[in-house]
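What follows is a set of notes on a single structure, which appears directly below.
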Amino acid sequence: MPILEAYGPTTARGPALRPASPRPLSHAARKFGVLPRPTLEWNAEVERETAPLYGRIKDVVPPVEWPFFAPYVKAINALKKERDAVILAHNYQTPEIYNCVADFVGDSLQLAREATKVNAKVIIQAGVHFMAETAKILNPDKTVLIPDSRAGCSLAEAITADDIRLLRERFPGVPVVSYVNTSAEVKAESDICCTSANALQVVESLGSERVIFLPDEYLAKYVASQTTVKIIAWKGHCEVHERFTGDELRKYRESDPSIQIIAHPECPPDVLAEADYTGSTSGMVQWVRDRRPRRVVMVTECSMADNVKVEAPDVEFVRPCNLCPHMKRITLPKILDSLLNMEEEVVVDPAIAEKARRAVERMIHLKS
Ligand code: 13P
Ligand code: SF4
């Protein structure tokens, strides 16, 4: 089914996420206290203690970099215990975060599900702001921290709650499905959320002939190509995935006809037309685990190939290297600062969180 209509932004975008500095101490810093900075020395003891962790990533992190990372890894893992904290890390995090300090890793759906099961008092989101907000929405009584609140997302920036209210006026009675890559305010105006892993299932679960699906136009087109439900879309794009082109993928295939191409559904339609598989970040990881291709082009954020390479050293990854500048704001030094200073605390207005929670939980509780 072709896409029905695609609408564009009608209202001004909100201000930058980070408040002007210097900031006052967060509520969490006052509650838990600020801890002194440990010594971050590279010595024989640190080398010995962290050797098993380096063993995991030695194929993707050069030995010359480990003396910088290892003292942070050691300090963060000790502080997590002291703070009763867990780290949720998205598949796009760098290998030293993903493999050496994260407690749970996955795609947006898996991280949202994990966030409902966390027992620790503190959640650190190694990912972007909408993911941290989702964790907070699902855990209103826990402290949720993001190491750099400027880690935004071009999709989340593409739509506001006012835009949804206007769409509802234009299409009365048509249900609104919001990608989780949206702000809490947008989720609060939505009937249900979805991720790239369950978008089709969510759209079809509503039993409606038409669905407003936002803000990713390309994901909307991909869903529309798989269903008879008429999709009313929005013209938001991921600044990382929109840069891939069908032409570059055809060139890879011409140079090696047996190469496999797997792509995230945030890519434009001409890119997905070239793909042997389309799926969420975890769907792509699972595809490589199951198929073990000789050579594969991962048409998504570049760091993910490093993380999959750790599990599948026999596979050759071709990486058109598009990095997400927001995901890359999260680093080991900033995670350490987060744990020491209990910064930056994610706060969601309780009234908005309550409405947003309904949309997120409705998605989580859908039977798979
Ligand atoms: P996934 O849910 O597939 O991990 O996607 C999140 C994202 O931001 C992709 O750009
Ligand atoms: Fe947002 Fe794209 Fe970055 Fe994912 S990769 S967080 S969709 S900007």
Side-chain angles (χ1 to χ4, degrees), residues 86 88-91 103-121 123 125 127-144 153 155-156 159 161 164 167-168 173-216 219-220 222-224 226-229 231-232 264-266 279-286 346 348-368:
V86 293
L88 307 184
H90 185 260
N91 289 327
D103 297 285
F104 302 99
V105 294
D107 65 11
S108 310
L109 182 61
Q110 290 169 322
L111 294 182
R113 288 214 166 105
E114 247 0 287
T116 64
K117 301 180 202 152
V118 167
N119 283 324
K121 286 197 192 110
I123 298 173
Q125 181 70 59
V128 292
H129 194 266
F130 76 79
M131 295 175 177
E133 260 191 354
T134 306
K136 180 66 184 176
I137 288 164
L138 294 169
N139 293 278
D141 300 329
K142 291 193 195 299
T143 297
V144 177
C153 170
L155 282 169
I159 189 145
I164 300 200
L167 281 169
R168 284 208 192 266
V174 178
V176 174
V177 176
S178 286
Y179 199 25
V180 281
N181 300 38
T182 46
S183 66
E185 288 79 6
V186 165
K187 290 183 175 77
E189 292 297 324
S190 307
D191 293 289
I192 186 166
C193 287
C194 77
T195 71
S196 58
N198 63 9
L200 177 65
Q201 186 199 3
V202 167
V203 162
E204 296 198 330
S205 74
L206 297 171
S208 175
E209 268 179 32
R210 287 191 303 172
V211 162
I212 299 170
F213 185 99
L214 46 88
D216 187 350
L219 180 60
Y222 179 66
V223 172
Q226 316 269 308
T227 183
T228 54
V229 178
I231 304 289
I232 298 161
H264 195 277
E266 288 170 11
S280 73
T281 56
S282 289
M284 294 163 96
V285 175
Q286 196 58 46
V346 178
V348 183
D349 178 302
I352 289 175
E354 195 186 321
K355 286 173 80 188
R357 189 154 48 245
R358 264 181 255 152
V360 178
E361 285 182 342
R362 192 171 169 194
M363 165 188 82
I364 287 177
H365 294 141
L366 266 191
K367 286 200 186 71
S368 45

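Everything numeric here is computed off the predicted structure, so don't read it as measured data.
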Taking atom [atom1] of [X] and atom [atom2] of [Y], what is their separation to the nearest 0.5 Å?
{"X": "Ile159", "Y": "Ser178", "atom1": "CD1", "atom2": "OG", "result": "7.0 Å"}
{"X": "Met284", "Y": "Asn91", "atom1": "CE", "atom2": "CG", "result": "10.0 Å"}
{"X": "Leu88", "Y": "Asp103", "atom1": "CG", "atom2": "CG", "result": "8.0 Å"}
{"X": "Glu209", "Y": "Thr228", "atom1": "CD", "atom2": "OG1", "result": "9.0 Å"}
{"X": "Leu206", "Y": "Phe213", "atom1": "CG", "atom2": "CZ", "result": "11.0 Å"}
{"X": "Ile192", "Y": "Arg362", "atom1": "CD1", "atom2": "CZ", "result": "4.5 Å"}

### Task
With side chain to side chain contact (heavy atoms under 4.5 Å, CB included) as the test, would you mind laying out the steps for Cys153 and His129 before giving the verdict?
CA-CA 8 Å; Cys153 170; His129 194 266; over 6 Å; no
Any idea which heavy atoms bring [X] and [Y] closest together, and the distance?
{"X": "Ala112", "Y": "Ile364", "answer": "O-CD1, 4.0 Å"}
{"X": "Thr227", "Y": "Glu204", "answer": "OG1-OE2, 2.7 Å"}
{"X": "Ala184", "Y": "Ile137", "answer": "CB-CD1, 3.9 Å"}

Who are the side chain to side chain donor-acceptor pair (under 3.5 Å) partners of [X], not counting sequence neighbours?
{"X": "Ser205", "value": "none"}
{"X": "Ser108", "value": "none"}
{"X": "His264", "value": "Ser196"}
{"X": "Gln286", "value": "Arg289, Asp290"}

For the pair [X] (side chain) and [Y] (backbone), establish whether a donor and an acceptor sit closer than 3.5 Å, ignoring hydrogens and angles.
{"X": "Lys136", "Y": "Met131", "result": "no"}
{"X": "Ser282", "Y": "Asp107", "result": "yes"}
{"X": "Ser208", "Y": "Val211", "result": "no"}
{"X": "Asn139", "Y": "Ala115", "result": "yes"}
{"X": "Ser280", "Y": "Gly283", "result": "yes"}
{"X": "Asp191", "Y": "Val177", "result": "no"}
{"X": "Arg357", "Y": "Leu138", "result": "no"}

Side-chain touch [X]/[Y], heavy atoms, less than 4.5 angstrom:
{"X": "Glu114", "Y": "Val86", "result": "no"}
{"X": "Gln226", "Y": "Val203", "result": "no"}
{"X": "Val223", "Y": "Ile231", "result": "yes"}

#### Entry: side chain to side chain contact (heavy atoms under 4.5 Å, CB included) assessment of Val176 paired with Leu167
CA-CA 9 Å; Val176 174; Leu167 281 169; 5.9 Å; no
### Query
Passes side chain to side chain contact (heavy atoms under 4.5 Å, CB included), His90 versus Thr281? Steps please.
CA-CA 9 Å; His90 185 260; Thr281 56; 3.9 Å; yes
### Task
Test Gln125 against every option in Leu111, Val346, Thr134 by the side-chain contact (heavy atoms from CB on, under 4.5 Å) rule and name the one that passes.
Leu111
### Task
Could you please spell out the steps behind the side chain to side chain contact (heavy atoms under 4.5 Å, CB included) verdict for Val348 and Val144?
CA-CA 10 Å; Val348 183; Val144 177; over 6 Å; no
#### Entry: Residues in side-chain contact (heavy atoms from CB on, under 4.5 Å) contact with Asn198, at least two apart in sequence or another chain
Leu109, Cys194, Thr195, Gln201, Val202, Met363
### Message
Please determine whether the number of non-hydrogen atoms from other residues, nucleotides or ligands lying under 6.0 Å from atom NZ of Lys121 exceeds 12.
### Response
no
### Message
Listing request: all salt bridge (charged side-chain N to carboxylate O under 4.0 Å, His left out) pairs with a residue in residues 181-190, at least two apart in sequence or in separate chains.
### Response
Arg165-Glu189, Glu189-Lys355
